[in-house]
Amino acid sequence: MPSEKFTYIESSAVPINIENVDTDQIIPARFLKATTRDGFGDNLFRDWRFDKNDQPKVDFVLNNEKYNGNILVAGKNFGSGSSREHAAWAIHDYGFKVVVSSFFADIFKNNALNNGVLPIQVSSEFLEIIFNEIEKDSDTSFTIDLGKQEITISTTGQKEVFEINSYKKECLLNGYDDIDYLLNIKDKIEVFEKRN
Amino acid sequence: MAGKTLFDKVWDAYVVDEIKDGPSVVYIDKHLIHEVTSPQAFAGIEKRGLKVFRPENTVATPDHNIPTIDQHLEIRDQLSRFQVNKLTENCDRHGITLYGLNHPFQGIVHVIGPELGITQPGMTMVCGDSHTSTHGAFGSVAFGIGTSEVEMVLATQCILQPKPKKMRINIEGKLSTGVSAKDIILYVISKISTSGGTGHFIEFAGSAIRGLSMEGRMTVCNMSIESGARGGLIAPDETTFEYIKGREFAPKGGDYDAAVEKWKKLKTDEDAVFDKEFNFDATDIEPMITYGTNPGMGAKIKDNIPHESEIEKSELNSYQKSLKYMGFQAGDKITGKPVDYVFVGSCTNGRIEDLRVVAEFVKGKKKAENITAWIVPGSKQVEKQAKQEGITEVLEEAGFKLRQPGCSACLAMNDDKIPEGKLAVATSNRNFEGRQGPGSRTMLASPLTAAAIAVTGTIVDPKTML
């Protein structure tokens, strides 16, 4: 999917301080029957967010007006489980542009990057600081500078550098997409086929 | 220079190009698709005005959302019907082979690939499903991908992928009676956790792995990804070659002999180096079951649910949350807990050998009154073979309900849902909250354990019943 260009973000964040948030929690399988990429945000964290009568569960963070912004912060091993890209679509469709965690599941990370959502892996110590700052003040704002590969807690100035390979970084900064890249090297692919 | 691992040998042979400080361009031999993760990919290439680049390298079957009763009728659920019809339309339009609902080859993608001989050693295979790792049992590099990546494969037969690191898990020794491949993998994940394999491709080795049938090896590789790994694989050997021989799309005659000669070279060099290596003793593995809400929360059935003090600090939140969800207490005895449902099926344990194990155990017995038992064959071929072998009859006599092939209650996209609050013992691969239906509770176990529990009605160590 050719995505919008990603450069610099300043926003407050929504905390989900739970480890191993799996793809069935992000988007339960029963909502995977669509044939387009749109509208999955309505069912993001469906069973944590709504009860069986479709009423919002007041104790869940997405239903708490205190917390908003386009950064999602979650515990270690975020996005484990299924390869369903619907998880990344749901997060994107809901309005998140960044997910911060101390560890991501591989396929989720690829899926997020392919949809213009930036997964930022921070140290477990920095993650704990982030959770603490949000707990102290839900309006705590963060800046994400993709060019510098830096995440900064605006109020305290504490920052950490994050990793992203330079190819993916270029893709995000310019809104490029992998398929464009592959289509441009089709002659190489055909040469490979002939050789094998 | 150090030698190469099996994974390196296969991967490196398929690298078309490498991007500096970026992913590799990897050519894909076989692409499997199903109704749920492909429609947006077809829409994507059509929006770009493209046709599928190599339609002969993709095979399709519906499995995820389909009903497991009355498959000869039109699908009642409107959204599911629409999705399955979309798959048919897309395959027709792009010239892709489809094994539709009433085709004798239909089934769960990861069951039909191997049984039709589509899966072969040394291949690269992908599918928009994480359990694509199943095919690694044949010494192929097989892994799950997202829909954007499905689109890449449809458009160019390649994907961009960073090369994973390499891990080897050696399991030496003889498994005791009543312990199966499912117990091996639940044991491994309980040791290395659901993130222990992340970033890696795992080669399973050692005498306990060599001693497994192909079905068993598929179970191990299938669930390798529940440790976070990109995939799992096992070097092919005589067991592999024998399994492939004579299958529908396997090479025949002289071609088969030539292929076997090639396949024999697919093994890790003795001096190859892995990024990580684990060694486990097969004699320490007992019948396993999960007590929490991720596949890493497994224990020996004969043991108790661990106490907080035994849990790593970083996993403590998950542990507390999951015990609350399951309605269990730290230190509880696992055996004796009453169960409501038993589900035998899925790409993990829905193959003929799994059904045989269950049938052999329940022959002449009856399921307990409190148990609803569903057996869902992994494919039409498995269903047919079960009938031919008299397995169907045995299971029906014992009070099991036999369904038609599909993913079914593993992810409960169709009507096969475990009701809220009910406890299911499942041979599938995930025990996530609500995985088998909103509010459902799942304990993962082997087919033999599931059979024993179906008969007793409570959690039991099958070893005590053999």
Side-chain angles (χ1 to χ4, degrees), chain A residues 1 17-20 22-25 28-30 32-37 46-48 52 75-77 80-89 102-108 110-111 113-115 124 165-171 177-183 185-186 188-189 191-193 196, chain B residues 13 16-17 19-23 25 27 36-37 39-40 43-44 48 50 64-65 77 79-80 82-83 86 128-130 132 144-149 151-152 155-162 164 194-195 198-199 228 230 294 314-315 317-318 321 411-413 420 430 432-435 438-439:
Chain A
M1 185 182 74
N17 196 354
I18 300 166
E19 313 93 51
N20 306 315
D22 61 70
T23 47
D24 277 80
Q25 307 319 312
R30 63 187 188 280
L32 306 186
K33 292 183 184 175
T35 53
T36 67
R37 292 170 185 245
R46 179 76 198 194
D47 294 337
W48 286 353
K52 58 183 166 184
K76 145 188 132 162
N77 198 22
S80 56
S82 150
S83 62
R84 63 185 70 157
E85 194 160 317
H86 312 67
W89 297 336
S102 57
F103 204 84
F104 288 95
D106 287 329
I107 307 184
F108 175 81
N110 281 353
N111 286 341
L113 287 166
N114 283 335
N115 287 279
S124 48
N165 72 54
S166 55
Y167 166 79
K168 272 293 170 196
K169 182 173 164 180
E170 282 301 303
C171 284
D177 123 323
D178 285 352
I179 298 176
D180 296 332
Y181 182 91
L182 287 171
L183 289 172
I185 59 157
K186 231 171 182 174
K188 277 193 186 176
I189 297 171
V191 168
F192 176 88
E193 283 180 324
N196 290 276
Chain B
V16 175
D17 201 7
I19 301 173
K20 196 169 171 283
D21 190 27
V25 178
Y27 193 84
V36 175
T37 57
Q40 294 88 348
R48 291 169 199 262
L50 299 169
H64 276 61
N65 79 24
D77 179 276
L79 291 173
S80 298
F82 188 71
Q83 222 174 23
K86 200 85 191 162
D129 186 279
S130 56
T132 309
I145 56 176
T147 299
S148 293
E149 293 164 321
E151 192 178 332
M152 291 177 210
T156 68
Q157 203 56 38
C158 289
I159 62 169
L160 288 176
Q161 203 71 192
T194 54
S195 56
T198 304
R230 259 338 242 119
N294 74 52
S314 64
E315 297 284 335
N317 279 352
S318 282
K321 191 171 186 295
L411 83 169
M413 272 194 82
E420 185 179 356
R430 289 192 180 127
F432 296 154
E433 280 184 32
R435 168 84 177 178

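Proteins get letters first, then strands, A, B, ... in listed order; numbering begins at 1 in each.
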Measuring from [X]:[atom1] to [Y]:[atom2], what's the distance to the nearest 0.5 Å?
{"X": "B:T198", "Y": "A:F103", "atom1": "OG1", "atom2": "CZ", "answer": "4.0 Å"}
{"X": "B:C158", "Y": "A:K186", "atom1": "SG", "atom2": "NZ", "answer": "10.0 Å"}
{"X": "A:R30", "Y": "B:L411", "atom1": "CZ", "atom2": "CG", "answer": "11.5 Å"}
{"X": "B:R430", "Y": "A:S82", "atom1": "CZ", "atom2": "OG", "answer": "5.5 Å"}
{"X": "A:D178", "Y": "B:M152", "atom1": "CG", "atom2": "CE", "answer": "4.0 Å"}
{"X": "A:D106", "Y": "B:R230", "atom1": "CG", "atom2": "CZ", "answer": "6.0 Å"}

Top contributor to chain B interface from [options] [non-hydrogen pairs under 4.5 Å]:
{"options": "A:N111, A:D22, A:N196", "answer": "A:D22"}
{"options": "A:S124, A:G75, A:S83, A:A34", "answer": "A:S83"}
{"options": "A:I185, A:N77, A:T23", "answer": "A:N77"}
{"options": "A:I18, A:V191, A:I189, A:N17", "answer": "A:I189"}
{"options": "A:R46, A:R84, A:H86", "answer": "A:H86"}

Please report the shortest heavy-atom distance between [X] and [Y], naming the atom on each side.
{"X": "B:P23", "Y": "A:Y167", "answer": "CD-CD2, 3.4 Å"}
{"X": "B:S130", "Y": "A:I107", "answer": "CB-CD1, 4.3 Å"}
{"X": "B:E433", "Y": "A:Q25", "answer": "O-NE2, 3.0 Å"}

Which bit of [X] is near chain B, if near means a heavy-atom gap under 4.5 Å: side chain, backbone, both or neither?
{"X": "A:F104", "value": "backbone"}
{"X": "A:E193", "value": "side chain"}
{"X": "A:K169", "value": "neither"}
{"X": "A:K76", "value": "side chain"}

At a 4.5 Å cut-off on heavy atoms, which part of [X] comes close to chain A: side chain, backbone, both, or neither?
{"X": "B:A43", "value": "neither"}
{"X": "B:D17", "value": "side chain"}
{"X": "B:I145", "value": "backbone"}
{"X": "B:L50", "value": "side chain"}
{"X": "B:E315", "value": "both"}

Side-chain donor or acceptor of B:T147 paired with backbone N/O of A:E85 under 3.5 Å: no
N/O donor-acceptor pair under 3.5 Å between B:Q83 side chain and A:L32 backbone: yes
Any donor-acceptor N or O pair under 3.5 Å, side chains A:K33, B:S80: yes
Polar contact flag, side-chain donor to acceptor under 3.5 angstrom, A:S166-B:D21: yes
Top contributor to chain A contacts, counting heavy-atom pairs under 4.5 Å, from [options]:
{"options": "B:T37, B:T194, B:N294, B:N65", "answer": "B:T194"}
{"options": "B:L79, B:V16, B:I159", "answer": "B:V16"}
{"options": "B:T156, B:T132, B:D77", "answer": "B:T156"}

Partner of B:S148 by side-chain contact (heavy atoms from CB on, under 4.5 Å), out of A:D177, A:N110, A:N115: A:N115
Residues B:R435, A:D47: salt bridge by 4.0 Å N-O rule: no
A:F192/B:V25 under side chain to side chain contact (heavy atoms under 4.5 Å, CB included): CA gap, chis, key distance, verdict: CA-CA 11 Å; A:F192 176 88; B:V25 178; over 6 Å; no
Test item: B:Q157 and A:L182 side chains (from C-beta on) under 4.5 Å apart, heavy atoms: no
